Amino acid sequence: MGHVAEMSRVTQSFEERLPISGLVDHVACVWVQQVSRDAPPYPHRTTPNGSADLVCQLGSAPRLIGPQTGPTEQDLAPGTVIVGIRLRPGALSAAFGVPARELVDRTVRLDDVWPDAVALGEKLAEMASPQAAAGVFEAELRAAIRTRAMLD
């Protein structure tokens with residue numbers, strides 16, 4: 001009796017990298033998550049880490065996920081592509097002038113704290129790759145933090 005080798009298919013991928021120069025003090029990592037188009041919905045689970053995330057599901061408005069006190073779960077549809085930036089604890093105030101305590105266990109539209117976020121979301125959706133979109137997201141955040149620092 002022969003053995004049948006079963007090919008496992010990748011249903012989702014998650015890539016993390018260090019931030020660009022000028023963001024190391026504010027950003028823990030930049031990430032891209034993709035769910036294969038032919039995959040079933042993917043149950044994405046998170047655990048609390050004290051950080052906030054800027055996230056943009058390509059084709060949607062960017063969001064800000066505040067620090068979480070418990071785990072979360074959400075089903076991601078096939079073909080979902082999300083780019084994100086994980087802020088270091090305490091970076092919300094430096095980046096947007098918002099104390100983290102105001103966003104604990106909350107998700108808000110990013111344009112609630114960053115007026116150009118809707119246009120940024122449209123720009124990210126036009127990028128040639130998720131990695132390019134993540135790079136633009138990161139560069140725009142660096143510019144916003146620099147502008148805020150000049151105003152303070």
Side-chain angles (χ1 to χ4, degrees), residues 7-145 148:
M7 298 291 290
S8 64
R9 66 178 181 181
V10 175
T11 58
Q12 74 88 34
S13 65
F14 186 89
E15 302 169 17
E16 231 178 59
R17 66 169 174 77
L18 294 174
I20 58 175
S21 175
L23 283 181
V24 175
D25 291 342
H26 304 288
V27 172
C29 67
V30 177
W31 53 269
V32 173
Q33 183 172 21
Q34 299 180 79
V35 179
S36 300
R37 290 191 186 284
D38 61 347
Y42 178 77
H44 175 74
R45 295 173 180 95
T46 62
T47 55
N49 59 21
S51 298
D53 280 275
L54 308 178
V55 297
C56 186
Q57 180 173 328
L58 297 185
S60 299
R63 298 173 292 131
L64 169 57
I65 301 172
Q68 302 296 299
T69 59
T72 64
E73 183 173 329
Q74 135 187 36
D75 283 337
L76 301 178
T80 297
V81 179
I82 303 171
V83 296
I85 299 172
R86 181 160 304 120
L87 299 175
R88 293 189 183 282
L92 274 172
S93 183
F96 304 110
V98 178
R101 70 180 173 276
E102 292 182 15
L103 294 168
V104 171
D105 291 328
R106 291 184 55 209
T107 298
V108 298
R109 287 177 50 109
L110 188 53
D111 61 323
D112 287 350
V113 296
W114 190 358
D116 299 331
V118 171
L120 174 59
E122 293 168 359
K123 185 176 183 179
L124 298 180
E126 295 171 0
M127 302 284 48
S129 72
Q131 291 74 17
V136 168
F137 203 2
E138 180 177 36
E140 294 289 335
L141 175 61
R142 180 175 57 185
I145 290 172
R148 178 159 184 78

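The structure displayed is predicted, hence computed values, not measured ones.
The distance from the OG1 atom of Thr72 to the CZ atom of Arg45 is 10.5 Å, given to the nearest 0.5 Å. Here the straight-line distance linking atom CZ of Arg106 with atom CZ of Arg63 works out to 14.0 Å at 0.5 Å rounding. To the nearest 0.5 Å, the span separating CG on Leu92 from NE2 on His26 amounts to 11.5 Å. In this structure, Thr107 OG1 and Leu64 CG are separated by 8.0 Å, a value rounded to the nearest 0.5 Å. Here Glu138 contributes atom CD and Leu23 contributes atom CG; the two are 6.0 Å apart, rounded to the nearest 0.5 Å.
The heavy-atom pair separating Leu141 from Ala95 by the smallest distance is CD1-CB, 4.4 Å. The heavy-atom pair separating Ala39 from Pro78 by the smallest distance is O-CG, 2.9 Å. What you find for Pro19 and Val24 is that their closest heavy atoms are CG-CA, 4.0 Å. Heavy atoms only, all atoms of each residue included: Cys56 and Gly121 are closest at SG-CA, 4.2 Å. Between Ala134 and Val30, the shortest heavy-atom contact is CB-CG1, 3.8 Å. Among all heavy-atom pairs drawn from Pro48 and Gln68, the shortest one is CB-O, 3.0 Å.
By the side chain to side chain contact (heavy atoms under 4.5 Å, CB included) test, Ser60 pairs with Gln57, sequence neighbours left out. Under the ring-ring contact (aromatic ring centres under 6.0 Å, His included) criterion, Tyr42 pairs with no residue, sequence neighbours left out.
For the pair Thr46/Ile65, no side-chain contact is recorded, criterion being any heavy-atom separation below 4.5 Å from C-beta on.
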Steps toward side-chain contact (heavy atoms from CB on, under 4.5 Å) verdict (Met127, Val136):
CA-CA 9 Å; Met127 302 284 48; Val136 168; 3.2 Å; yes

Verify side-chain contact (heavy atoms from CB on, under 4.5 Å) between His44 and Ile82, making sure each step is shown before the conclusion.
CA-CA 12 Å; His44 175 74; Ile82 303 171; over 6 Å; no

Stepwise side-chain contact (heavy atoms from CB on, under 4.5 Å) check, Gln12 with Thr80
CA-CA 9 Å; Gln12 74 88 34; Thr80 297; over 6 Å; no

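Proximity of a side-chain donor or acceptor of Arg17 to a complementary backbone N or O of Val32 within less than 3.5 Å is not detected. The backbone N or O of Leu87 lies less than 3.5 Å from a partner atom in the side chain of Ser51, making a donor-acceptor pair. Looking at Glu140, its side chain never comes within 3.5 Å of a backbone N or O of Leu120 through a donor-acceptor pair. Remark: the backbone N or O of Thr69 is paired with a side-chain donor or acceptor of Asp105 at under 3.5 angstrom.
A tilted orientation is assigned to the rings of Trp114 and Phe96, their planes being inclined by 30° to 60°.
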